[in-house]
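Just follow the structure's listing: the first ligand is 1, and inside any ligand the first atom is 1. Remember, it's a predicted structure, so these values are computed and weren't measured experimentally.
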Amino acid sequence: MFINICTILGLLTNVEGLPEVACNRLKIGESWYDRQPLWANIGRPYNLNVHRSSNSLFFSYSLPETYSDTDFQLAFFNIDSKDSQTIAGIRGGCSVAIDQLNDEIYLGGSDGIYKYNMLTKLADFYKEKGKNVWSLFYKKNLFYISYPDQKLHIEYDGKFATVKEFEGFEIDHFHVSSMNTIYFANKTGLYRYDNDKMLAKPVNELVTVRQIVEDNEGDIYVVTNFGVFADGKFEGLKKILDMKNIYGLAFDRDNNFIYSDEKNIVKLVYSLVGCDKKSLHW
Ligand SMILES: *[C@@H]1O[C@H](CO)[C@@H](O)[C@H](O)[C@H]1NC(C)=O
């Protein structure tokens, strides 16, 4: 059995109904959004990442009929053309990282890292044969987290090495923001890493983090079992959405929210009207 982050996230899934809404809109912070389903009835879509220049969403999923923990696959969905494809050839395919500047799409599974070729639509083996790749992240360098030891690795001079500062503890999620703030999460909580003091500072030790993502304007969002939090540049971490069954979050080329729950991938489009009576009669 290939245990990786998708397995664990799947085990954490407890199916809850959506909050009751009078209309098909959702409030995030102070704004309302229309829900536009992109893909329905897909098993556990996780690890959402948008390749911006092609507006394609890459993510992992499993077949809804089986809910087997071993048959994870990677797929992409073009938000403009609605083209979709399952990416073949990656065993336990689960993780995604995108170098937006160089149009490189890295995919990980239970047997190493692959690169997706947009022209041939094939995944070519890249590096780390035999390594179970739990998670991938790209910022100037490619990072991955290995399973089961949960160690952070960085690609440097063509080779991968563990990140010394983080060797003493587990890492489940890793993110470096465009402001160079380092976030990471593990089973204990969410942390910010202070580069000068070389110290991990707890941000929240109650939540279980599912994804850390940055929008196109540099704001950080943290998807957790207690809802979605935003780390505003000045105000700190604030809950913006109380839905507990969000598992993945990404931003498309136009900075629209794309989220997933147990079975659906949904795009949110800003709406001038909300769901309460006052705004409906606006
Ligand atoms: C998670 O990271 C924090 C901060 O570095 C550390 O204190 C804690 O031991 C880590 N938890 C695990 C399970 O490694």
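Shown in contact with Asn186 at under 4.0 Å from a heavy atom are these atoms of ligand 1, numbered in order with element: 1 (C), 2 (O), 3 (C), 8 (C), 10 (C), 11 (N), 12 (C), 14 (O). Below 4.0 Å from some heavy atom of Glu170 lie the following atoms of ligand 1, by number and element: 13 (C), 14 (O). Heavy-atom proximity to Ala200, at under 4.0 Å, picks out these atoms of ligand 1: 4 (C), 5 (O).
Electrostatic pairing of Lys267 and Asp34 does not count as a salt bridge here, judged by no charged N lying under 4.0 Å from a carboxylate O. A salt bridge does not link Lys151 with Glu170: every distance from a Lys NZ or Arg NE/NH1/NH2 to an Asp or Glu carboxylate oxygen is 4.0 Å or more.
The shortest heavy-atom distance from Phe166 to ligand 1 is not under 4.0 Å.
Nearest protein heavy-atom contact of atom 3 (C) of ligand 1 is Tyr191 CZ, 3.5 Å. Summary of contacts: the protein heavy atom closest to atom 13 (C) of ligand 1 is Thr188 OG1, 3.6 Å.
Ring geometry for Tyr247 versus Tyr46: interplanar angle over 60°, hence perpendicular rather than tilted (30 to 60°).
Considering all non-hydrogen atoms of both residues, Glu155 and Phe160 come closest at CB-CE2, 3.4 Å. His153 approaches Thr162 most closely through the heavy-atom pair CE1-CG2, 3.4 Å. Summarising the geometry of Ser177 relative to Tyr183, their closest heavy-atom pair is CB-CE1, 4.4 Å, with the distance given to 0.1 Å.
For atom 7 (O) of ligand 1, the nearest protein heavy atom lies 4.0 Å away or farther.
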